[in-house]
Amino acid sequence: MTHFPHTDSATAELTGVRLSYPKGPLVLDGLDWQLQPGQVVGLLGRNGAGKTTLLEALLGLRETDAGQVRLFGQEALKPDDATRARIGYVPQHSDLFEAFTPAQLLAYFRSFYPRWNQAKVDGLMSRWDIRPDQPIRKLSGGQKQRLSIIRALAHEPDLLVLDEPVASLDPAGRRDFLRELVGQVMDRGATVVFSTHILSDLERVAFNVAFLNGGRIALQAPLDELLDQVRAFTGSVTEMATLMARLGAQPLKRTPLGAGRERVLARLPAEAAVPAGVAVERVNLDDLFTELT
Ligand SMILES: Nc1ncnc2c1ncn2[C@@H]1O[C@H](COP(=O)(O)OP(=O)(O)OP(=O)(O)O)[C@@H](O)[C@H]1O
């Protein structure tokens, strides 16, 4: 990966974060998470796992009950203007002014940001087929989503946070969008984090995946590394204990199968060699999602 000397510290750092809604569930339960410059992270979790809540806490939009959230080294709840200008956010539900035209909306936002890439805006508007001069309320759901993404990319943020950004994009739109996301990272060392349920999109770009489960990030790693290193083993509980120790494997999930047997999903060290005769299977991203979220 390219080294970006001006951004050596973590883009975002969450430590021991607890967050519950008044009279609602405990959503984040001692969560630790770090996002580094140059990372593209896909955040995975079941419906209601807390992805939106986590992204809002990360951006300082939601106060936590305990723990620390830091953005570019500052407390996330009180960012200064310079820090705010380094962040781009596409919420799950578009918050565009429906009576404006896209051109008016973008001109309005442009006035807030010292950095604004109009050439990028013009290029994406024409590539994604958004007419600048018709009211936003007349755009389709997918077009609104694209406009929201253009708005978030226009000021070239160092941290781009997108909450299910591809939900209403068609497959071609998603491919183009992912290319743009990756371009952001390659060009400028930006950090991109987005939640999604569409696993095939993650497989298309070899980025990091983070699994949110039980109020914590259960695992985060580059996807290609996980597919290479995670295996499902089946055997007796004692055999599994010996095998895990022998391989130096990190058990990720144990599922009892009855009669003293279990299935263990485990991450192997890069150099580990599984002994002959052991019942072992490779896993795909669908399996990882099912087992870890
Ligand atoms: N404003 C709120 N008040 C009370 N409870 C809430 C509120 N917002 C979310 N919740 C609850 O918090 C939990 C996490 O919700 P959240 O929207 O963060 O999950 P999610 O992973 O983004 O879900 P999805 O994939 O369905 O979008 C859920 O149990 C939800 O019902």
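Values in this document were obtained by computation on a predicted structure and should not be read as measured data. Whatever order the structure lists ligands and atoms in, that order sets their numbers, starting from 1.
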### Task
Using a strict cut-off of 4.0 Å, indicate which atoms of ligand 1 neighbour a heavy atom of H197.
25 (O)

### Query
Which ligand 1 atoms does R46 reach within 4.0 Å, using its non-hydrogen atoms?
21 (O)

### Query
Are F211 and F289 near enough that their ring centres are under 6.0 Å apart?
no

### Task
Kindly indicate, with the supporting measurements, whether the criterion salt bridge (Lys or Arg N to Asp or Glu O under 4.0 Å) is fulfilled by D176 and R127.
CA-CA 9 Å; D176 202 21; R127 201 158 90 211; 3.0 Å; yes

### Query
Which protein heavy atom lies closest to atom 19 (O) of ligand 1, and at what distance to 0.1 Å?
G50 N, 3.2 Å

#### Entry: For atom 9 (C) of ligand 1, closest protein heavy-atom neighbour
Y21 CE1, 3.5 Å

### Query
Are a donor atom and an acceptor atom from the side chains of T11 and D158 found within less than 3.5 Å of each other?
no

### Message
Could you tell me, atom by atom, which parts of ligand 1 come under 4.0 Å of a heavy atom of A49?
### Response
19 (O), 21 (O)

### Summary
ligand 1 to E164, heavy atom cutoff 4.0 Å, flagged ligand atoms 25 (O), 27 (O)

#### Entry: Proximal ligand 1 atoms for V27, defined as those under 4.0 Å from one of its heavy atoms
12 (O), 13 (C), 14 (C)

### Query
Based purely on interatomic distance, does G24 place a nitrogen or oxygen under 3.5 Å from a nitrogen or oxygen of ligand 1?
no

### Query
Between V17, V193, L28, V27, which is the residue that forms a side chain to side chain contact (heavy atoms under 4.5 Å, CB included) with L54?
L28

### Task
Considering only non-hydrogen protein atoms, determine which one is nearest to atom 27 (O) of ligand 1 and report residue, atom name and distance to 0.1 Å.
Q92 NE2, 3.3 Å

### Query
Could any protein non-hydrogen atom be found less than 4.0 Å from atom 30 (C) of ligand 1?
no

### Query
Can you tell me if D163 and S195 form a side-chain donor-acceptor pair at under 3.5 Å?
yes

## Note on the structure
Between the CD1 atom in I136 and the CG atom in L105, the distance rounded to the nearest 0.5 Å is 4.5 Å

### Message
Just checking F100 against F109, ring centres under 6.0 Å apart?
### Response
no

### Query
Under 4.0 angstrom from ligand 1, any heavy atom of G48?
yes

### For T53, the ligand 1 atoms whose distance to one of its heavy atoms is below 4.0 Å
14 (C), 15 (O), 16 (P), 18 (O)

### Message
Within the 3.5 Å criterion, strictly below it, is a donor on Q145 or Q143 matched to an acceptor on the partner's side chain?
### Response
no

### Summary
Residue, atom and distance of the protein heavy atom nearest atom 17 (O) of ligand 1 read T52 CB, 3.8 Å

### Query
For the residue pair W116 and H155, does the interplanar ring angle fall in the parallel (under 30°), tilted (30 to 60°) or perpendicular (over 60°) class?
parallel

### Query
Counting from 1, what ligand 1 atoms have a heavy atom of K51 closer than 4.0 Å?
18 (O), 19 (O), 20 (P), 21 (O), 22 (O), 23 (O), 24 (P), 25 (O)

#### Entry: Test item, G45 contacting ligand 1 (heavy atom, 4.0 angstrom)
no

### Query
To which protein heavy atom is atom 26 (O) of ligand 1 closest, and what is the distance rounded to 0.1 Å?
N47 ND2, 3.0 Å

### Note, L14 side chain near L58 side chain (heavy atom, < 4.5 Å)
yes

